[in-house]
Amino acid sequence: MKHGLLIDMDGVIYSGETLIEGADKFIANLLKNDIPFTFMTNNSQRTRLDVVRKLKLLGIEVTEKHVYTSAMATGKFLGDQGENGTAYVLGEGGLITSLHENGINLVNTDPEFVVLGEGRNFTLEMVQRAVDMILAGAKFITTNQDPSPKKPGWNNLGIAATTAMIEEATGRKAFVIGKPSPVMMRSARKYLGLETAETTVIGDTMETDIQGGVQMGYKTILVLSGIAKKESLSDYAFKPDLIVGSVDQLEFPLKWW
């Protein structure tokens with residue numbers, strides 16, 4: 001049986017613009033030993049090439065095949081809904097690219113879907129147009145529900161906040177693609193060509209990476225180099241299979257491999 005990893009990035013590989021100590025050696029070890037892995041990120045704004053370039057600046061050399069984003073999962077999901085789908089998009093770069101690649105036509109009137117991703121270039125007028133489209137019958141899709149970090153000076157409102165605004169204005173709940181949604185967790189596993197029993201998730205948040213992995217029956221590893229704090233783990237009804245300080249403490253093969 002082969003085994004592989006779905007790896008979160010922010011809080012696991014880097015923190016903001018700073019490499020987490022030992023993460024570069026961890027990834028180099030995976031590449032050296034041909035262990036299948038993909039970085040699994042909820043960020044739909046960046047393209048895969050953007051992610052690869054950021055990692056390279058941090059000293060990690062990977063290719064685009066090592067990246068799986070919520071934009072990719074969203075594009076695949078909508079493409080699977082039927083041919084020649086149409087969407088009005090509030091989002092940028094990675095999301096728009098993925099929708100094009102999956103045969104979704106971007107329109108400004110009468111869309112089948114309204115798709116919300118991260119971005120700073122859409123206006124309140126565009127949000128109002130999206131609200132009208134949803135009230136007229138368009139289906140509301142959001143790439144993820146990541147919250148704002150609630151820090152002064154943060155340059156992204158947070159997609160959860162924008163989603164909430166549209167949900168309140170329309171009375172319609174968004175269908176969420178990104179982790180911990182089973183849509184993305186399953187899609188990322190299939191992207192790597194793994195079975196459920198062969199899949200391990202590494203993440204720094206209980207609410208997304210670990211919860212998503214537990215719900216799918218994957219093995220899970222929580223790292224304490226990001227958001228999660230060990231003293232708070234008893235607040236959750238589920239638990240990871242393994243807890244480490246950071247990825248450089250992991251030894252392969254893992255005990256369940």
Side-chain angles (χ1 to χ4, degrees), residues 1-14 19-20 22-43 46 48-49 51-52 54-56 58-77 80 94 98 144 177-206 208-226 228 238-257:
M1 180 186 294
K2 64 179 178 180
H3 292 274
L5 305 169
L6 304 179
I7 307 170
D8 184 36
M9 291 196 296
D10 203 349
V12 177
I13 303 300
Y14 54 75
L19 180 75
I20 291 173
D24 52 347
K25 295 178 181 177
F26 168 72
I27 297 302
N29 185 44
L30 297 182
L31 293 167
K32 178 182 177 182
N33 291 285
D34 293 322
I35 297 174
F37 73 92
T38 190
F39 294 111
M40 181 175 62
T41 174
N42 261 356
N43 189 305
R46 294 193 190 113
R48 289 195 291 176
L49 183 58
V51 175
V52 168
K54 175 170 182 174
L55 291 171
K56 185 174 183 178
L58 296 173
I60 295 175
E61 297 269 359
V62 294
T63 65
E64 291 181 55
K65 73 176 184 179
H66 292 112
V67 179
Y68 196 80
T69 71
S70 65
M72 295 169 65
T74 301
K76 185 179 186 311
F77 175 79
D80 289 345
S98 179
N144 65 75
I177 301 294
K179 56 188 182 178
S181 166
V183 177
M184 182 163 177
M185 302 302 292
R186 184 182 299 111
S187 183
R189 170 181 64 79
K190 290 183 176 180
Y191 174 76
L192 266 188
L194 300 175
E195 300 295 331
T196 296
E198 299 169 335
T199 306
T200 298
V201 177
I202 303 176
D204 72 312
T205 56
M206 290 292 285
T208 53
D209 307 294
I210 305 306
Q211 179 177 319
V214 168
Q215 288 174 331
M216 293 300 297
Y218 304 158
K219 294 295 187 181
T220 56
I221 299 173
L222 178 71
V223 295
L224 301 176
S225 51
F238 54 93
K239 61 182 181 180
D241 294 285
L242 181 64
I243 302 172
V244 294
S246 57
V247 288
D248 66 335
Q249 296 175 7
L250 292 173
E251 296 183 0
F252 294 96
L254 297 170
K255 60 184 178 181
W256 51 81
W257 285 13

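Throughout, numbering of the chain's residues begins at 1 and tracks the sequence.
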- [ ] Check the pair Asn33, Phe252 against side chain to side chain contact (heavy atoms under 4.5 Å, CB included), reporting the backbone distance first and the verdict last.
- [x] CA-CA 10 Å; Asn33 291 285; Phe252 294 96; over 6 Å; no
- [ ] Given side chain to side chain contact (heavy atoms under 4.5 Å, CB included), test Asn43 with Met9 step by step and report yes or no.
- [x] CA-CA 10 Å; Asn43 189 305; Met9 291 196 296; over 6 Å; no
TODO: Go through the steps to decide whether Val52 and Val67 satisfy the test side chain to side chain contact (heavy atoms under 4.5 Å, CB included), and finish with yes or no.
DONE: CA-CA 8 Å; Val52 168; Val67 179; 4.2 Å; yes
- [ ] Could you please spell out the steps behind the side chain to side chain contact (heavy atoms under 4.5 Å, CB included) verdict for Asn29 and Leu250?
- [x] CA-CA 11 Å; Asn29 185 44; Leu250 292 173; over 6 Å; no
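Asp204 CG to Leu222 CG: the interatomic distance, rounded to the nearest 0.5 Å, is 7.5 Å. Distance check: Ile221 CD1 to Ile243 CD1 gives 11.0 Å after rounding to the nearest 0.5 Å. The structure places CD of Glu61 at 11.0 Å from CG of Asp24, a figure rounded to the nearest 0.5 Å.
A cation-pi geometry, defined here as NZ or CZ lying under 6.0 Å from the six-membered ring centre and within 45° of its normal, holds between Lys54 and Tyr14.
Taking the six-membered ring where tryptophan is involved, the planes of Trp257 and His3 are essentially parallel, since the angle between them stays under 30° and well short of 60°. Taking the six-membered ring for Trp and thresholds of 30 and 60 degrees, Phe37 and His66 have nearly parallel ring planes, at less than 30 degrees apart.
Residues Ser98 and Ala71 come closest through the heavy atom pair OG-O, 2.7 Å. Residues Ser225 and Val12 share a closest heavy-atom pair of OG-CA, 4.1 Å. Between Ser187 and Lys76, the shortest heavy-atom distance links the atoms OG-CD, 3.8 Å. Closest approach of Thr196 and Gly217 over heavy atoms only: CG2-O, 3.6 Å. Nearest heavy-atom pair across Glu64 and Tyr191 is O-OH, 4.0 Å. Between Leu58 and Leu19 the shortest heavy-atom distance is O-CD2, 3.6 Å.
A donor-acceptor contact shorter than 3.5 Å links the side chain of Lys2 to the backbone of Gly193. Between the side chain of Thr220 and the backbone N or O of Asp241 there is at least one donor-acceptor pair closer than 3.5 Å. In this structure a side-chain-to-backbone donor-acceptor pair under 3.5 Å is present from Asn144 to Asn42. At least one donor-acceptor pair under 3.5 Å links the side chain of Tyr218 to the backbone N or O of Met185. Between the side chain of Gln249 and the main chain of Gly245, a donor-acceptor pair closer than 3.5 Å is present. Under a 3.5 Å cut-off, the side chain of Lys179 and the backbone N or O of Met40 do form a donor-acceptor pair.
Of the candidates Met216, Met206, Gln211, Gln211 is the only one forming a side chain to side chain contact (heavy atoms under 4.5 Å, CB included) with Pro180. Ile202 pairs with exactly one of Leu242, Asp209, Val223, Asp8 by the side chain to side chain contact (heavy atoms under 4.5 Å, CB included) rule, that one being Val223.
Phe77 places none of its side-chain heavy atoms less than 4.5 Å from the side chain of Met184.
For the residue pair Ser246/Asp248, the side-chain donor-acceptor check at 3.5 Å is satisfied.
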